[in-house]
Protein chains: 2
Amino acid sequence: MVTTDFSPIADTTRRAEIVALLRRAILTGQLQPGQKLNELRISEQMRVSRAPLREAMRELVQEGILTSIPYAGTFVIDVTAKDIDDAYSLNQVLDEFAIERTWPQRDQRFFDELDRRHEAVKQATRNLDTTRQIETALQLHGLIYEWADNSVLLETWQRLTSRLQMYFALHQHARNEPVPAEDVHEIYVQLMKGADMRAAQRHAREHINLDFEQLLSYARSLEQRPSKGA
Amino acid sequence: MVTTDFSPIADTTRRAEIVALLRRAILTGQLQPGQKLNELRISEQMRVSRAPLREAMRELVQEGILTSIPYAGTFVIDVTAKDIDDAYSLNQVLDEFAIERTWPQRDQRFFDELDRRHEAVKQATRNLDTTRQIETALQLHGLIYEWADNSVLLETWQRLTSRLQMYFALHQHARNEPVPAEDVHEIYVQLMKGADMRAAQRHAREHINLDFEQLLSYARSLEQRPSKGA
DNA sequence: TCTTGTTAGATTGTCGACAATCTGATTGTC
DNA sequence: GACAATCAGATTGTCGACAATCTAACAAGA
């Protein structure tokens, strides 16, 4: 019997493509926080009717990166310092849990994937592609969530990730300075390969801590002059 | 200056009402796991066109209680034993975190609300209204999430809650036996009013444990004969 | 009998048009 | 000038119809 592994067919609805397009635009900062999404304009630009566009927007509202006010419009969520702080503190807890669950499941495939994603981050760093750098760094970090074998945890992480990515993108755009070339993930990768789980958990917490501290100070500085929207 | 507290105006779109109707139908078990939702039939029953219905369904898909396959249909999610197990283990972690965050924020208003919700559970129990009993019990438990002052945590909990409610409803429907009349929440409420945070955390973990153990054994017994759908 | 091709019916995905609602500018009144 | 009423334009919400796709039954051929 032939048992080739086929991956599922890609979604081929306009809706799915619109979701992907919009999500990318938001997460990369093309669409800025607070900005209003004009349905007619976007649907014309995408050469699509409003129906699938609106359905796509509903999805992103539930995904937490858009917010909708009936008869007023749909907007990119605003990023407050508190949001970042909330996401951060929850992330600490989830990280600890994810590492704990992943730990006994680690095998060669895990280590290989870890290296692969680490390599992707380094590549993006070399290319000075900050957007891609953020993306790959989050993917590296997300590996423990994919291996924790807990669908609800993974979902939660993915929702968190969206926001984190927005925050980071905003951060980068405003500062417009490349991330340090030194490889901050080296230690993390080594620890995840090692034998001391507690050490890995501790490092994850502290490492993330650093990134967040930067973000927080920046976000607080923004708090004074809120974004005007479109 | 007059500073009356006004609550926000209710959403007055058909979409919002449809979401509420569908959610309720799913969480109470009226719509069973695996069942397909026929758009035309439902839209005719609700006297509504398919557009707002479809948008509502997209929201519930992202909310995690519906699942959609392009050109095939939208279905109520299937409840597996693993789902329950995943939700349970994550819930343990989140509970601990929520209690920790809520603890310093407790005040008279918190205690009053705690009592109010506890009373609601007891009332539902007296009326032998199992559906309402599940609802109120989850609301009692959710108080710590509302007071933890962390929007992301609250969202996560609400998503978890939907599934838990589905699981419980399924459980009740199948067994068709009223929940024990004894008040299992008494100790929890007392501990949340007390001074020993660790004790409260420990109890939450163990108490939930009990409820889940029942659910798990039931769910595993279902694993053999999967629901046929509509 | 098994497999493959065809087709009709049902269902989902998408479209363009209309209705309901909001925004702001304008007008009229004091 | 300040304020309320009115109105036009723009935008969102909803509808009914059509297009694309799937499913299952049936027929044809090996």
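Labels below follow one simple rule: chain letters A, B, ... track the order of the sequence lines, proteins then strands, and each chain is numbered from 1.
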Check: DNA chain C: A72(A) or A72(B), which has the more 5' nearest nucleotide?
Finding: A72(B)
Checklist line | Residue closer to the 5' end of DNA chain C, A51(A) versus N38(B) (nearest nucleotide) | finding: N38(B)
Is any side-chain nitrogen or oxygen of [X] closer than 4.0 Å to OP1 or OP2 of [N]?
| X | N | result |
| --- | --- | --- |
| R41(B) | dA10(C) | no |
| S49(B) | dC15(D) | yes |
| R50(B) | dG13(C) | no |
| R47(A) | dC15(C) | no |
| R54(A) | dC15(D) | no |

Check: Going by atom types only, do Q108(B) and D112(B) share a side-chain donor-acceptor pair under 3.5 Å?
Finding: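 A donor-acceptor contact under 3.5 Å links the two side chains.
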Next item on the list: Verify whether one side chain among Y145(A) and N150(A) offers a donor that lies under 3.5 Å from an acceptor in the other.
Entry: no
Next item on the list: Tell which nucleotide pairs with dC30(C), taking only Watson-Crick or G-U wobble pairs whose two distances are both under 3.5 angstrom.
Entry: dG1(D)
Margin query: Side chain of Y71(A) only, heavy atoms from C-beta on: which candidate in dC15(C), dT21(C), dT14(D) is closest?
Written below: dT21(C)
Checklist line | Proximal nucleotide (of dG13(D), dC15(D), dG13(C)) relative to the P70(B) side chain | finding: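 Nucleotide nearest to P70(B)'s side chain: dG13(C).
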Can you tell me the distance, in whole Å, between the [atom1] atom of [X] and the [atom2] atom of [N]?
| X | N | atom1 | atom2 | value |
| --- | --- | --- | --- | --- |
| R15(A) | dA20(D) | CZ | P | 17 Å |
| K36(A) | dT12(D) | NZ | C1' | 8 Å |
| E39(A) | dT11(D) | CD | P | 11 Å |
| M57(A) | dT12(D) | CE | P | 7 Å |
| E55(B) | dC15(D) | CD | C1' | 12 Å |
| M46(A) | dG13(C) | CE | C1' | 17 Å |
| I69(A) | dT12(D) | CD1 | P | 12 Å |
| L53(B) | dT14(D) | CG | P | 11 Å |

Notebook entry, point to check: Salt-bridged, R116(B) to E113(B), with N to O below 4.0 Å?
Noted result: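 Between E113(B) and R116(B) there is a salt bridge, with a charged N closer than 4.0 Å to a carboxylate O.
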Check: Can a salt bridge be assigned to the pair E146(B) and R117(B) using a cut-off of 4.0 Å between side-chain N and carboxylate O?
Finding: yes
Next item on the list: Select base, sugar-phosphate, or nothing to describe what L37(B) touches, counting heavy atoms under 4.0 Å on all strands.
Entry: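 Result for L37(B) = sugar-phosphate.
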Check: In Å and rounded to the nearest 0.5 Å, what is the CD to CG distance from Q45(B) to L21(B)?
Finding: 11.0 Å
